[in-house]
Amino acid sequence: MSTPTPATRRAPSNLFSNGDPAVLNAVADRVLWLSTAIIHHANRVRPNTSGLKVGGHQASCASMVSIMTSLWFEQLQPGDRVSVKPHASPVLHSLNYLLGELDEKYLTTLREYKGLQSYPSRSKDPDTVDYSTGSVGIGATAPIWGAIARRYVQTATGTAGSGRQYSLVGDAELDEGAVWEAILDPGVAELGEVVWIVDLNRQSLDRVVPNIAAGRLANMFAAAGWQVLTVKFGALLESLFAKPGGEALRARILDMPNPEYQRLLRCSADQVRDRLPGDGPGSADIMALLADLDDDTLLAAIRNLGGHDMAALVEAYRQIDDTRPTVIIAYTIKGYGLPTEGHPQNHSSLLSVEEYQQLAARLGQDPDAPWGRFDGDSETAQLCESTAARLRREPIPALDVPAVPVDSGRTPKGTASTQAGLGRVLLDLTRSAPEVAKRVVTVSPDVSSTTNLAGWVNKVGVWSSSERRNWFDDDPETLMHWREKPTGQHMELGIAETNLVGLMGELGATWSRWGQPLFPIGVMYDPFVERALEPWSYGIYAGGQSILVGTPSGVTLAAEGGAHQSIKTPSIGLEQPGCISYEPAFGIDVEWTLLASIGRLGRPDGTSAYLRLSTRPVDQSLADVPDDPAARERRRRQVVAGGYPLVRRENPALTIVGMGALMPEALAAAERLEQAGVVADVLCVTSPGLLFDALQARRGQGSAPTWILDQLLPAERATPMVTVLDGHPHTLAFLAGVNRVPSVSLGVSQFGQVGSLEDVYKHHGIDTDSIVRAALDVLP
């Protein structure tokens with residue numbers, strides 16, 4: 001089969017701003033070769049001692065080569081950012097290599113330890129990657145939240161500049177619901193800097209998608225307020241459409257099912273002449289038109305889709321309307337230019353050695369020395385040099401962030417919930433540390449008032465790209481004022497937790513993108529944390545540091561029973577990389593842990609945090625906060641490090657370990673046991689994850705500080721243990737291993753029940769009676 005090289009396609013030279021189209025096509029040829037060779041080397045050349053598949057996606061790369069080459073060499077500016085579809089990462093590395101941003105030594109390291117990553121990674125790849133991608137739909141939507149983050153920083157500091165946010169998306173990725181959650185958010189329609197380019201190759205992992213319905217996709221984008229540009233055909237096909245029989249040919253190509261079109265790509269010229277006309281009313285006209293074409297032109301024409309035509313792509317870029325988001329739907333062929341092009345199972349297939357050598361011959365490359373750049377004085381080398389100069393970004397200077405206070409000096413009184421403590425700490429911050437408070441951005445999914453953010457929102461206002469009138473500002477019965485303005489510090493995205501944490505990730509990455517750290521705090525009902533976990537985790541992986549607050553939590557919701565309660569979230573916080581989790585029991589614990597978490601944000605060695613809060617009113621005197629300043633500071637350090645002794649007795653026979661909302665039950669159980677002659681210590685855990693890290697380090701499995709274990713669970717006070725929390729019991733079960741004592745772990749391991757707090761706690765065996773019984777059972 002004869003396949004046309006990109007260099008055979010021509011366009012009017014005045015359409016291109018940075019290079020002759022023939023030169024641009026020659027660069028695309030080299031990008032195709034390099035991306036294919038990177039994957040080939042990883043699988044066919046590099047020794048593989050394990051025998052496990054290395055993998056890579058040569059066909060997925062090939063369908064993106066023209067799109068990415070035209071974008072980098074003709075369109076991008078230094079302030080632009082691009083999210084590259086995961087399977088096209090070798091194309092990105094090839095472009096960076098040609099532009100001098102990647103050393104040749106890395107081209108042989110795809111999917112190798114500390115080499116080029118499987119998918120683009122901001123934190124792990126050695127070259128420029130704007131957005132980490134890999135988890136379906138999350139990398140695609142990240143530029144939307146990146147656009148909001150850039151606007152916010154620009155409004156607040158004037159240092160983020162301007163630039164478009166591009167997302168290169170595979171058509172199969174549009175099956176992901178998170179994509180449409182983001183597209184449909186009302187605020188997105190105002191983001192004119194957002195541009196998506198859809199690689200419409202009509203194939204997924206296993207097959208040719210039979211009913212991909214590009215028109216329906218276009219209508220869905222348009223209904224959301226996006227500009228829709230469709231790049232269907234290249235110059236050669238368009239010229240044929242202008243000839244007699246051309247309209248019938250156009251209609252035939254547009255109407256045929258996707259699998260039928262894909263099958264044509266695997267046909268010889270004679271087979272195309274036989275199959276393409278079909279048996280419809282225009283078949284004779286099509287047959288006559290094809291009769292005038294030689295075989296090479298016919299085979300080139302059937303492959304001449306717009307996503308591989310430089311002129312068609314550049315023309316589409318020039319039509320981008322910067323007043324609203326734009327989607328460019330580019331028709332492509334999966335595997336374009338490779339021997340595997342159009343094959344329904346080519347998604348992860350690899351060229352054989354023979355096919356690889358054939359490709360090298362066609363592109364004029366040496367398969368044994370595949371990494372050559374362009375000759376120094378060639379037009380292609382000059383184009384690479386000028387493009388690299390145009391796209392070069394200035395280094396981002398590190399910014400001195402104002403110090404976050406660690407203690408307000410006040411001690412909460414009366415009865416209050418940890419959730420209420422959240423709002424108080426944020427308001428206190430505006431008075432005690434205004435420079436810190438100015439960098440706090442809160443986000444929530446339509447639960448601002450029910451998670452105690454109302455006072456904060458009234459104080460700082462709601463962020464909007466333009467000021468909007470609050471029509472209820474003169475209503476005396478309206479307690480929460482929704483003042484929307486560019487200087488606001490609260491954002492709300494409707495009931496879409498995935499959107500919320502996606503935005504948190506990008507707000508938390510501004511320290512590395514524009515040198516301006518923000519302190520994003522996202523608040524949602526704790527039962528929905530699991531729904532948001534994957535995109536939040538991915539944001540952390542990509543360098544986005546944020547604080548996620550889950551509230552209210554656990555079966556302590558009581559009257560809101562059934563599945564609307566969170567059981568697994570304590571262990572989620574324990575297990576999430578790049579995150580420190582806290583479940584404070586008292587208002588002072590909320591203050592200390594929240595301030596410590598804010599202090600870890602926005603810096604190269606920073607980390608995210610997860611706070612699990614409750615609406616249960618608790619007597620704050622139970623915290624027994626020391627009056628002595630030194631003792632108070634010691635308690636604060638313990639709280640931040642993972643836990644503290646709340647009750648110490650002489651010669652204890654038992655240790656009761658509680659967490660969060662169940663500390664009143666833990667303390668009440670200790671009193672009951674003491675009346676029965678059983679003396680118990682009571683410990684309050686604030687972070688199981690930090691305590692587990694300390695235990696691992698003590699065993700030589702990490703580098704975390706271990707002093708907290710010495711203060712919380714000293715060996716000389718080792719006794720049988722009962723642990724209790726409003727969550728799965730395994731969360732605290734490991735603590736018995738610190739001193740290897742007998743233990744009983746109480747918690748929640750079933751779906752909840754509606755009822756009073758007393759009834760619900762009793763049902764799950766976490767009430768005071770259950771703790772007492774467990775204590776008596778564990779004692780010798």
Side-chain angles (χ1 to χ4, degrees), residues 24 27-42 55-78 80-112 115-136 138-140 142-143 146 163-170 173 195-199 201 307 313 330 332 334 336-337 370-371 373 383-384 387-388 390-393 513 538 541-543:
L24 197 60
V27 173
D29 275 354
R30 186 62 60 89
V31 173
L32 174 64
W33 168 252
L34 287 171
S35 60
T36 304
I38 287 171
I39 299 169
H40 179 84
H41 187 279
H57 301 83
Q58 291 171 329
S60 295
C61 287
S63 68
M64 288 296 299
V65 164
S66 300
I67 292 172
M68 293 178 66
T69 302
S70 61
L71 188 64
W72 259 254
F73 284 84
E74 281 289 323
Q75 187 64 27
L76 292 185
Q77 299 301 316
D80 297 340
R81 300 290 188 274
V82 187
S83 173
V84 176
K85 81 171 188 176
H87 292 162
S89 61
V91 179
L92 175 62
H93 299 310
S94 299
L95 288 166
N96 284 339
Y97 173 65
L98 292 177
L99 296 175
E101 289 218 5
L102 181 66
D103 193 278
E104 181 180 321
K105 68 181 181 180
Y106 287 107
L107 300 184
T108 62
T109 67
L110 179 69
R111 303 190 175 203
E112 188 176 58
L116 298 179
Q117 298 300 296
S118 305
Y119 310 120
S121 172
R122 290 190 73 221
S123 58
K124 295 183 179 180
D125 273 317
D127 52 339
T128 299
V129 174
D130 292 330
Y131 289 97
S132 296
T133 58
S135 192
V136 177
I138 297 173
R164 288 176 178 163
Q165 304 286 327
Y166 289 87
S167 193
L168 309 182
V169 186
E173 199 165 10
V195 179
W196 284 26
I197 304 175
V198 177
D199 171 18
N201 59 46
L313 289 166
T332 62
K334 196 159 188 172
Y336 181 73
W371 314 124
R373 286 191 173 97
L383 178 58
C384 290
T387 300
R390 170 171 51 84
L391 297 180
R392 190 166 295 120
R393 297 171 185 166
R513 293 198 192 282
Y538 219 79
Y541 169 78

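Any value given below was found using the heavy atoms of this structure, including those in side chains, with hydrogens, waters and symmetry copies removed. The model shown is predicted, which means the values in this text are computed figures rather than measured ones.
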Separation between CG of L110 and NE2 of H40, rounded to the nearest 0.5 Å
13.0 Å
Could you tell me whether R122 sits above the aromatic face of Y538, with NZ or CZ closer than 6.0 angstrom to the six-membered ring centre and within 45 degrees of the axis?
no
Taking T332's backbone N and O only, do any of them form a donor-acceptor pair with N201's side chain (distance below 3.5 Å, no angle check)?
no
Hey, what's the ring geometry for H87 with H57, parallel, tilted or perpendicular (30° and 60° as the breaks)?
parallel
Dump the intermediate steps for side-chain contact (heavy atoms from CB on, under 4.5 Å) on R393 and T128, then the final yes or no.
CA-CA 10 Å; R393 297 171 185 166; T128 299; 4.0 Å; yes
Given W72 and D80, is the side-chain contact (heavy atoms from CB on, under 4.5 Å) satisfied, shown in steps?
CA-CA 10 Å; W72 259 254; D80 297 340; over 6 Å; no
Apply salt bridge (charged side-chain N to carboxylate O under 4.0 Å, His left out) to R111 and list each qualifying residue two or more places apart in sequence or on a separate chain.
none
Test side-chain contact (heavy atoms from CB on, under 4.5 Å) applied to V91 and V84, step by step:
CA-CA 9 Å; V91 179; V84 176; over 6 Å; no
Can you see which heavy atom on A330 is nearest to which on G307, and at what distance?
CB-CA, 4.0 Å
If you look at every heavy atom in C384 and L98, which pair is closest and at what distance?
CB-O, 3.6 Å
Apply side-chain contact (heavy atoms from CB on, under 4.5 Å) to T133 and K85, showing your working.
CA-CA 7 Å; T133 58; K85 81 171 188 176; over 6 Å; no
Do the non-hydrogen side-chain atoms of Y119 and S132 ever get within less than 4.5 Å of each other?
no
Report yes or no: does R390 contribute a side-chain atom to a donor-acceptor pair with the main-chain N or O of L76 at less than 3.5 Å?
yes
Validation row: L102, P126 side chains within 4.5 angstrom (heavy atoms):
yes
Please confirm whether the backbone N or O of S60 pairs with a side-chain atom of S63, one donor and one acceptor, at under 3.5 Å?
yes
Heavy-atom donor-acceptor pair, Q58 side chain to T36 backbone, under 3.5 Å:
yes
Considering only heavy atoms from C-beta outward, does the side chain of I38 approach that of S94 to under 4.5 Å?
yes
Okay, side chain of S123, backbone of G543: is any donor-acceptor separation there less than 3.5 Å?
no
Closest heavy-atom pair, A62 versus Y336, reported as atoms and distance to 0.1 Å, is CB-O, 3.3 Å
Side-chain (S167) to main-chain (W196) donor-acceptor, under 3.5 angstrom
no
Could you tell me the separation between the CG atom of L32 and the CE atom of M68, rounded to the nearest 0.5 Å?
12.5 Å
Closest non-hydrogen contact found for S89 with P120 is CB-CD, 3.4 Å
For a 4.5 angstrom cut-off between non-hydrogen side-chain atoms, does L107 reach H41?
no
Keeping the roles fixed (side chain from D127, backbone from Y97), state whether a donor-acceptor pair exists under 3.5 Å.
no
If we only count heavy atoms from C-beta on, is the D199 to L168 side-chain gap below 4.5 Å?
no
Can you check whether Q117's main-chain N or O pairs, donor with acceptor, with D125's side chain at less than 3.5 Å?
yes
Distance (rounded to the nearest 0.5 Å) between L92 CG and S83 OG:
10.0 Å
Closest non-hydrogen atom pair, C61 against S35
CB-OG, 4.1 Å
d(L99 CG, L391 CG) to nearest 0.5 Å is 6.5 Å
Side chain to side chain, W371 and L34, heavy atoms closer than 4.5 Å:
yes
Side-chain contact test, heavy atoms from C-beta onward, threshold under 4.5 Å: evaluate it for F73 versus V27 and give yes or no.
yes
Heavy-atom side-chain contact between V65 and W33 under 4.5 Å
no
